[in-house]
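So you know, we letter chains A, B, ... as the sequences are listed, proteins then strands, and number each from 1.
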Protein chains: 2
Amino acid sequence: MGLRERKKHQTRLALIDSAFELFLCQGYEATTVDQIAAAVDVSPRTFFRYFGSKEDLALDFTVEYEELITTALAARPQDEPPFTALAHAFREFIHAMETNAAEDTERFLRHRRVIDANPTLLTTSFARMAEIEKKLVVEVARRQGTDPATDPRPRLLVAFITSAIRVGFECSVDGAAYLGSLIWNVESTLTLAEEALRPGWDQLSLGSSGQVATKASSPR
Amino acid sequence: MGLRERKKHQTRLALIDSAFELFLCQGYEATTVDQIAAAVDVSPRTFFRYFGSKEDLALDFTVEYEELITTALAARPQDEPPFTALAHAFREFIHAMETNAAEDTERFLRHRRVIDANPTLLTTSFARMAEIEKKLVVEVARRQGTDPATDPRPRLLVAFITSAIRVGFECSVDGAAYLGSLIWNVESTLTLAEEALRPGWDQLSLGSSGQVATKASSPR
DNA sequence: TTGTCATCTGTCACGGACTGACATAAATTA
DNA sequence: TAATTTATGTCAGTCCGTGACAGATGACAA
């Protein structure tokens, strides 16, 4: 890696670090791009060459998490039922936040604290989750041997499980033992979701075909 | 109603109308607040006295829909199982979009077209849906005789059904027979969701207590 | 009708998030 | 070292959104 690339990577990290430090101590809204840029001794214009927006910086980590979750799912055994595979993938992801290097755990908690404190960020982070969902749907559909474009069942399954995860997160807005309660809550909502679903539903063994109206095949 | 109030109501509607006309012909992003204000012959400052932001105007109708959905749920018979009641409430809501006065239907379709064309708006409209969910959770918990603050099951149930609705909406991004395909898709995803859930799960007759960790009762 | 009062509105000034254009400085490569 | 690429800073400008102030316009009572 050349010097140029190293420098870029370095200022990028510096921007993120300084930004979150400011977010935590002043709040997200109250922190201006100019402040962040000044903290790294960079012009405001340069900030926008690294991040499309202030929000982009704040939610930058989501792409990393997306990577973690999708690979976790891909690594699950092929013969595992889709719901179980998804549940384990998420479990592994959240567990990784705990067992990772202390510095990674620290970062994760910082992110959560900043996001949870700001409704707009929270909203947009959910929207990013929707991006992750799309990828998960593709993998689930593959495992189910169906076409996600015409069959809504993979989407529904993924939507169900991410709903459970989201509810788990929502229940954990504490300060002190946040990570512990988060893991416990996600675990319990996942269990609840498992109990709520009809056994074997995720395997498409029975039931209707689940065709849906697309531009091509609209009813009537 | 006095003259003053009538005028306010009038300019408010004029702002919405002019705005959506511009949104449809130029796109949401490309339309500036100044343009909207100019179209109604009002100062830009006044625009912000009617709406907190451009987005607020674009998503103004959500409060109306929130009202429709929550009252539809409240009107369902008390002895109806929660899932059935929720499903019917949403069905009624969407059906109302079709059977309403033609002008209301037209407005609904305009809204959808503008929203669907803009990722940011779509995201935020989902966030507003989260607000609706909160109200639904309260009503569902009441019907289930449980406390939504400590028991995640009402939230999970509501999250499941709104997921189904959302998937139904996502499958319907056509132009021509949009409303028809929307109704059909929502209907079919609701049916799918019904099939996916274990019968009677929504009535809390059996299963674990579903306690969740809050600040008060966090596990270790 | 008139005068007081509340409220709505326009104007002005401003801050903060972004963007395009251009020049400069730095690293890469030959 | 020279030529080329690429990152950065400066500058000017747009748009969203807000506080402050003053003038216009209904509301209402005497």
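The nearest whole Å value for the distance from the CZ atom in Phe47(A) to the C1' atom in dT19(C) is 14 Å. The separation between His9(B) atom NE2 and dC8(C) atom C1' is 17 Å, rounded to whole Å. Here dA17(C) presents its C1' atom at 12 Å from CD of Glu55(A), a figure rounded to the nearest Å. Rounded to whole Å, atom P of dT28(C) lies 9 Å from atom CD of Glu5(A). If you take CZ of Arg6(B) and P of dC8(C), they are 15 Å apart, rounded to a whole angstrom. Rounded to whole Å, atom P of dC16(D) lies 15 Å from atom CZ of Phe51(B). Regarding Leu22(B), its CG atom lies at a distance of 16 Å from the C1' atom of dC15(D), rounded to whole Å.
Between the side chains of Thr105(A) and Asn100(A), no donor N or O sits under 3.5 Å from an acceptor N or O. Counted by atom type alone, Ser43(B) and Thr46(B) present one or more donor-acceptor pairs between their side chains at under 3.5 Å. Between the side chains of Thr70(A) and Glu139(A), not a single donor N or O lies within less than 3.5 Å of an accepting N or O.
Closest approach to the Thr11(A) side chain among dT8(D), dC18(C), dT9(C) is made by dT8(D) (side chain taken as heavy atoms from C-beta onward).
Contact between the side-chain N/O atoms of Thr46(A) and the OP1/OP2 oxygens of dT8(D) is not found at any separation under 4.0 Å. In this structure, Lys54(B) does not reach the dG17(D) phosphate: none of its side-chain N or O atoms is under 4.0 Å from OP1 or OP2. Residue Ser53(A) has no polar side-chain atom (N or O) positioned under 4.0 Å from OP1 or OP2 of dA17(C).
Nucleic acid contact for Tyr50(A): sugar-phosphate only, since backbone atoms but no base atoms lie under 4.0 Å from a heavy atom of the residue.
Residues of residues 23-39 of chain A that place a heavy atom closer than 4.0 Å to DNA chain C, in numerical order, are Thr31(A), Thr32(A), Val33(A).
For Arg12(A), the side-chain hydrogen bond (donor to acceptor under 3.5 Å, both in side chains) partners two or more places apart in sequence, or in a different chain, are Asp60(A).
Remark on DNA chain C: of its neighbouring residues Met1(A) and Pro44(B), the 5'-side contact belongs to Pro44(B), judged by nearest-heavy-atom nucleotide. Ranked by how close their nearest DNA chain D nucleotide is to the 5' end, Ser43(A) and Phe48(B) are led by Ser43(A). The 5' end of DNA chain D is approached more closely, in terms of each residue's nearest nucleotide, by Gly52(B) than by the other of Gly52(B) and Gly2(B).
Geometrically, Arg112(B) does not engage Tyr178(B) in a cation-pi contact defined by less than 6.0 Å to the ring centre and at most 45° from the axis. A cation-pi geometry, defined here as NZ or CZ lying under 6.0 Å from the six-membered ring centre and within 45° of its normal, does not hold between Arg107(B) and Phe61(B).
Ring-centre distance between Phe23(A) and Phe20(A): below the 6.0 Å cut-off. Taking the six-membered ring for Trp and the full ring otherwise, the centers of Phe126(B) and Phe126(A) sit at least 6.0 Å from each other.
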N/O-N/O pairs, protein side and nucleotides 20-26 of chain C side, under 3.5 Å:
unit_1, atom_1, unit_2, atom_2, d
dG20(C), N7, Arg45(A), NH2, 3.0
dG20(C), O6, Arg45(A), NE, 2.9
dA26(C), N3, Arg4(A), NH2, 3.2

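Atom CZ of Arg153(A) and atom CG of Asp147(A) lie 11.5 Å apart (nearest 0.5 Å).
Salt-bridge check for Glu66(B) with Arg128(B): failed, with every basic side-chain N at 4.0 Å or more from each acidic carboxylate O.
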